[in-house]
Amino acid sequence: MEPNKELVEKAKSGDEEAFSLLFEQYKDRIYSLCLRMTGNREDAGDMCQETFIKAFKSIEKFRSHSSFSTWIYRIAINHTKDFIRSKARKRGSPVHALSESRLLIDEANISPQEHALKTERVKIVQQALLELPENMRTPLILFEIENLEYREISRILRLPVGTVKSRIFRAKIALGEILEPLREHLE
Amino acid sequence: MNCRKARRLLVDFEKKKLKGKTEDDLLLHIKDCQRCMSLCRKLETSSLALSEVTSEKIPEGTAANILEAIQERKGNETREKHKRPFLSLKNLTTAGAVAILVAVAIVAGISLMEKPAEKASFSTQEEKSTKQGKVPSKYAEEEAPRSHDFVSTPGSTEKIFEPLVKITDNNYNKDTLREFFDKSALRKEIAKRFTVASAITLRANFEQEIIDKFLDIQSEGNPKDIASQAALTQVIMSYLISGEPVQLPVYLEYAKFNGENAVIIGLAGPRFGSKSNRLKRFDVWVLAPQRFLTNRDSSIMFFLQFIEK
């Protein structure tokens with residue numbers, strides 16, 4: 001859902017309320033994207049904050065030749081990619097999923113037993129996602145979890161649609177290979 | 001339907017986005033093709049897994065903290081503005097610097113007017129940025145669109161430029177290869193579109209694009225062999241461009257050269273000793289991939305260089 005242009009224009013001219021409304025519209029999507037990219041709630045919160053601060057600082061420079069959502073997704077992805085790289089450098093290895101017991105699941109309306117099983121499954125999948133190279137993981141998350149169209153992903157990542165499609169295909173195959181031995185736990 | 005086409009459709013098929021004849025043809029192919037059937041299963045596994053992971057809402061506390069941080073920043077900016085007296089030393093210094101810049105700009109303007117008009121008209125946005133010493137930002141929407149963007153924006157009529165990747169049965173020799181590149185519009189297109197700055201900015205992207213495309217067009221064969229061939233291609237490309245940071249890989253063809261398997265790589269770069277920052281030099285390397293790992297020098301079969309005027 002694209003915010004109306006009037007709202008973006010108001011935010012560009014310094015209207016704080018308009019920016020707060022934009023924040024309300026995008027906060028969940030940006031947080032969710034950062035969460036899937038980092039696999040960690042705390043880091044996702046930080047990345048989300050940096051994204052909106054960056055957007056707030058530079059919204060007056062935003063030109064409407066692309067959509068606001070493309071613009072803000074791109075800021076979030078660039079910040080998160082930089083963060084993942086610097087974290088990997090510090091640790092000397094790629095960032096891996098956390099062992100948070102309450103990792104990334106919707107807890108509403110499920111029994112404790114179901115909850116435990118689902119927690120385990122989500123943890124496995126998130127771990128597998130983080131094993132994918134970043135250039136495959138990001139298009140996959142945008143396509144499968146954020147449900148964006150190929151065309152929008154291509155604009156966000158500045159890649160041809162064909163490349164986006166092939167990266168999603170390869171990411172899914174790689175993920176399938178990683179998770180094939182665990183398929184019965186997922187069914 | 002062949003495997004290559006089938007694989008391009010598998011993700012959409014698995015998402016139930018295909019209809020009619022395309023879906024029927026794909027189903028027929030999958031039924032008879034073990035390899036595509038196994039890919040289908042992997043796609044299914046990953047979709048099953050990803051269905052566990054859903055989009056998640058931001059915790060209320062985190063959202064409130066972010067809003068607070070934004071407001072705090074806004075408050076700081078406002079306080080900063082009010083704090084500064086108009087005739088502070090900082091303001092005076094800034095005013096002085098601006099005056100000097102204006103004077104420099106006037107002098108530069110006068111000297112530009114003395115130069116031939118057509119030279120100025122060829123200067124693209126990117127060249128101007130480079131001349132001004134600007135570094136391309138990754139938050140690209142904050143800037144004017146660049147002439148070489150991979151993806152055209154809606155309504156744009158500009159052609160997209162992508163590196164060319166082919167696997168062919170061509171059997172070149174020195175003359176036919178020279179003739180091929182002599183006639184190719186690719187060189188002129190690159191010289192027209194790209195500058196040294198774009199070579200530096202886009203090099204990693206083009207390298208990745210070439211490998212992606214190479215993998216895309218490899219539909220048959222053992223996945224491990226394909227992956228190792230892609231890795232070897234990447235190593236060969238890196239070897240060729242490592243000595244020169246401003247070379248842009250734009251062409252890759254697996255073919256034959258004098259009957260032997262060869263990889264042909266086209267690299268665009270600036271002309272040596274020229275003042276122009278356009279990529280007017282086009283190098284063509286022909287290498288024998290099977291010899292590359294044992295002896296890099298002996299793997300070079302042929303080399304060509306073209307210079308655009």
Side-chain angles (χ1 to χ4, degrees), chain A residues 16 19-20 23 27-29 31-32 35-36 41 45 48-49 52-54 56-58 61-63 65-66 70-71 74-75 78 104 106 118 121-122 124-126 128-129 135 144-147 154-155 158-163 165-170 172-173 175-177 179-180 183 186-187, chain B residues 7-8 10-12 14-15 38-59 61-63 65-74 77 137-145 149-156 160 162 205 208-209 212-213 215-216 223:
Chain A
E16 275 182 64
F19 191 84
S20 298
F23 173 74
K27 62 179 186 184
D28 291 333
R29 280 191 268 174
Y31 174 77
S32 177
L35 182 60
R36 300 306 165 201
R41 285 176 192 278
C48 189
Q49 175 162 324
F52 281 103
I53 286 177
K54 170 79 189 173
F56 179 73
K57 271 167 68 184
S58 42
K61 293 181 211 157
F62 166 66
R63 294 171 194 184
H65 58 255
S66 82
T70 302
W71 183 70
R74 196 178 293 154
I75 294 176
N78 284 333
L104 322 178
D106 179 3
K118 190 163 172 66
R121 287 199 296 265
V122 173
I124 290 168
V125 179
Q126 181 70 45
L129 265 177
N135 66 356
E144 285 285 344
I145 302 171
E146 301 306 317
N147 293 316
S154 104
R155 285 192 204 116
R158 296 187 149 250
L159 289 171
V161 172
T163 306
K165 282 186 177 181
S166 79
R167 287 193 189 175
I168 291 169
F169 173 73
R170 294 215 309 274
K172 288 194 79 171
I173 295 295
L175 196 71
E177 271 171 14
L179 294 171
E180 191 64 42
R183 184 166 167 142
L186 297 167
E187 276 170 329
Chain B
R7 281 167 204 189
R8 286 192 176 163
L10 282 179
V11 171
D12 288 337
E14 204 257 325
K15 287 247 166 208
S38 125
L39 289 175
C40 258
R41 186 174 160 87
K42 282 174 189 158
L43 289 177
E44 208 182 275
T45 307
S46 79
S47 292
L48 190 69
L50 287 163
S51 68
E52 297 283 343
V53 187
T54 49
S55 190
E56 189 161 324
K57 285 187 174 168
I58 188 167
T62 312
N65 287 343
I66 294 172
L67 266 182
E68 206 176 293
I70 292 169
Q71 270 152 13
E72 199 178 307
R73 187 166 283 265
K74 175 83 183 165
E77 277 171 13
S137 163
K138 57 189 168 183
Y139 307 108
E141 298 310 327
E142 292 155 24
E143 303 171 339
D149 279 351
F150 285 115
V151 184
S152 60
T153 46
S156 162
I160 297 168
E162 292 175 24
N205 254 335
Q208 186 62 48
E209 278 306 302
D212 279 345
K213 285 186 163 195
L215 286 166
D216 279 351

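A note on names: the letters A, B, ... follow the listed sequences, proteins ahead of strands, and every chain is numbered from 1.
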Which atoms of B:Lys213 are under 4.5 Å from chain A, going by heavy atoms: the side chain, the backbone, both sets, or neither?
neither
Honestly, the part of B:Leu39 sitting under 4.5 Å from a heavy atom of chain A is both
Is [Y] close to [X] at the side-chain level, that is, under 4.5 Å between some pair of heavy atoms?
| X | Y | answer |
| --- | --- | --- |
| B:Leu50 | A:Leu129 | yes |
| B:Thr62 | A:Cys48 | no |
| A:Asn135 | B:Gln208 | yes |

side-chain contact (heavy atoms from CB on, under 4.5 Å) between A:Arg36 and B:Val53: does it pass, once the steps are laid out?
CA-CA 9 Å; A:Arg36 300 306 165 201; B:Val53 187; 3.2 Å; yes
Closest approach of [X] and [Y], non-hydrogen atoms and distance?
| X | Y | result |
| --- | --- | --- |
| B:Ala49 | A:Leu179 | CB-CD1, 3.3 Å |
| A:Gln49 | B:Ala69 | NE2-CB, 3.5 Å |
| A:Ser20 | B:Leu67 | OG-CD2, 4.1 Å |
| A:Ser32 | B:Glu56 | OG-N, 3.1 Å |
| A:Gly176 | B:Ser46 | N-CB, 3.7 Å |

So B:Lys42 and A:Glu180, salt bridge (charged side-chain N to carboxylate O under 4.0 Å, His left out) or not? Walk me through it.
CA-CA 7 Å; B:Lys42 282 174 189 158; A:Glu180 191 64 42; over 6 Å; no
Residues two or more places apart in sequence or in another chain: which of them pass salt bridge (charged side-chain N to carboxylate O under 4.0 Å, His left out) with A:Glu146?
none
Can you tell which of A:Phe19, A:Tyr31, A:Phe52 has the highest number of heavy-atom pairs within less than 4.5 Å of chain B?
A:Tyr31
Could you work out, with side chain to side chain contact (heavy atoms under 4.5 Å, CB included) as the rule, every residue matching A:Thr163, not counting sequence neighbours?
A:Leu159, A:Pro160, A:Arg167, B:Glu209, B:Asp212
Only one of B:Arg7, B:Glu14, B:Arg8 clears side-chain contact (heavy atoms from CB on, under 4.5 Å) with A:Phe169; which?
B:Arg7
